[in-house]
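Notes to accompany the following structure.
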Amino acid sequence: AGRYEQAVSYYRQAVDRNPGFSQALNNLGTALRHLRRFSESEAALQEAVRLNPASAGYRNNLGAACLSRGKTRDAIACFEKAVSLDPQFIQARASLGTALKEAGRIDEALAVFDQGLALAPGHPALHWNRALALLMKGDFEAGWEAYEWRFKSEHSRPVSFRSPVWQGEDLTGRTICVHCEQGVGDTFMFARYLKGIQERGGRVLFKCPEGTEAFFGHQPCVDELMLPGASLQVENFDVQIPLLSLARVFHTRMDTIPD
């Protein structure tokens with residue numbers, strides 16, 4: 001926060017010296033948004049857009065400020081304008097799709113994500129948000145497959161293992177390390193898949209989040225508990241998988257979600 005506070009002070013001084021300095025206003029609005037001062041952010045970005053209406057970047061940043069304030073319709077209009085100003089602006093397409101998704105316009109969002117991916121096939125944010133839209137639509141098979149892109153986005157960081165990722169093969173006589181990756185709520189939600197691993201012959205070594213040891217240490221779906229912060233220098237298991245990837249491996253549909 002300190003870095004953004006300094007930036008706000010710097011850009012305010014620049015704007016005070018030159019009120020028509022649109023880039024300083026854009027940067028000021030962006031810094032204010034990082035500080036969650038959304039109303040001030042929107043005001044600064046609106047002025048930047050007024051001064052330079054042809055800037056796709058300013059429009060995109062204004063859309064982000066509007067979205068942060070829950071003004072989804074205004075955000076969509078900003079992102080649409082940004083894309084029209086610069087059809088190659090991939091981040092604006094990702095932002096537009098995200099806003100449409102949040103507005104419940106799932107098919108439109110998916111169309112925008114697909115258009116973006118035609119231009120930038122490896123763009124993590126497009127894949128990540130497309131996955132969320134597919135899951136919201138109920139297309140679980142495609143959605144969970146696309147959800148693997150979370151590890152290439154800013155939303156999740158993979159743990160490094162030497163052991164291979166389990167892809168659903170028979171586990172008879174083998175130990176699998178299932179490691180949590182997100183919050184406690186998701187851990188409890190997706191732990192329902194652990195029983196299915198045992199049914200495939202696997203011995204479950206579960207790396208649980210801090211504060212859940214007492215609970216998971218007494219669950220029949222967990223054969224051995226790996227405590228939070230435990231060293232992974234020695235991997236005493238055959239395969240491993242992030243907890244949320246189990247939905248993909250088990251080819252989850254709406255009617256096959258485990259109890």
Side-chain angles (χ1 to χ4, degrees), residues 117 121-259:
L117 288 170
H123 195 279
L126 287 169
H127 281 285
W128 161 255
N129 284 290
R130 179 176 175 272
L132 297 180
L134 287 166
L135 292 172
M136 290 175 67
K137 187 178 180 180
D139 187 349
F140 281 12
E141 187 164 357
W144 288 120
E145 189 66 40
Y147 196 69
E148 292 299 296
W149 276 88
R150 67 193 182 279
F151 293 121
K152 296 183 180 180
S153 75
E154 62 184 18
H155 299 280
S156 190
R157 291 289 178 265
V159 180
S160 179
F161 289 94
R162 294 182 298 276
S163 303
V165 177
W166 183 53
Q167 299 296 341
E169 68 273 14
D170 182 69
L171 286 169
T172 301
R174 306 174 79 195
T175 296
I176 177 172
C177 175
V178 180
H179 43 98
C180 63
E181 53 179 296
Q182 297 188 21
V184 172
D186 284 331
T187 299
F188 281 104
M189 181 71 68
F190 284 82
R192 67 184 67 202
Y193 287 96
L194 298 178
K195 181 180 178 182
I197 293 176
Q198 292 177 327
E199 291 171 351
R200 295 196 183 193
R203 179 177 178 274
V204 175
L205 171 62
F206 187 50
K207 190 174 190 298
C208 66
E210 186 174 357
T212 64
E213 304 93 328
F215 177 81
F216 284 111
H218 295 87
Q219 298 304 307
C221 59
V222 175
D223 296 294
E224 182 181 351
L225 203 62
M226 180 184 292
L227 298 179
S231 173
L232 291 171
Q233 290 184 346
V234 178
E235 296 186 6
N236 57 339
F237 44 87
D238 302 288
V239 290
Q240 51 82 23
I241 191 168
L243 177 62
L244 272 64
S245 291
L246 291 173
R248 172 186 61 83
V249 170
F250 282 99
H251 303 288
T252 303
R253 301 188 311 272
M254 189 69 74
D255 59 341
T256 64
I257 299 174
D259 294 331

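Not measured: the values here are computed from a predicted model.
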Which heavy atom of [X] sits nearest to which heavy atom of [Y], and what is that distance?
X    : Y    : value
R174 : D238 : CA-OD2, 3.3 Å
S245 : R150 : OG-NH2, 2.9 Å
G168 : R200 : O-NH1, 2.8 Å
F250 : G196 : CZ-C, 3.7 Å
V249 : W166 : CG1-CZ3, 3.6 Å
T172 : D170 : OG1-OD2, 2.9 Å

For this session: Show your reasoning for whether side-chain contact (heavy atoms from CB on, under 4.5 Å) applies to V178 and Y193.
Result: CA-CA 10 Å; V178 180; Y193 287 96; over 6 Å; no

For this session: Would you check, one step at a time, whether the test side-chain contact (heavy atoms from CB on, under 4.5 Å) holds for T175 with D223?
Result: CA-CA 9 Å; T175 296; D223 296 294; over 6 Å; no

Exercise. Does the side chain of M226 come within less than 4.5 Å of C177's, by heavy atoms?
Worked result: yes

Exercise. Are any of the side-chain heavy atoms of C208 and L225 separated by less than 4.5 Å?
Worked result: yes

Problem set entry | Aromatic ring pairing W149/H127, orientation class (parallel under 30°, perpendicular over 60°, tilted between) | parallel

For this session: Go through K207 and E181 one step at a time and tell me if the side-chain contact (heavy atoms from CB on, under 4.5 Å) criterion holds.
Result: CA-CA 9 Å; K207 190 174 190 298; E181 53 179 296; over 6 Å; no

Exercise. Are more than 12 heavy atoms from other residues, nucleotides or ligands located less than 6.0 Å from atom CG of D259?
Worked result: no

For this session: Using a cut-off of 6.0 Å, state whether more than 12 heavy atoms not belonging to E141 lie near its atom CD.
Result: no

For this session: Run the salt-bridge test on D139 and K137 with the 4.0 Å N-O cut-off and return the result as yes or no.
Result: no

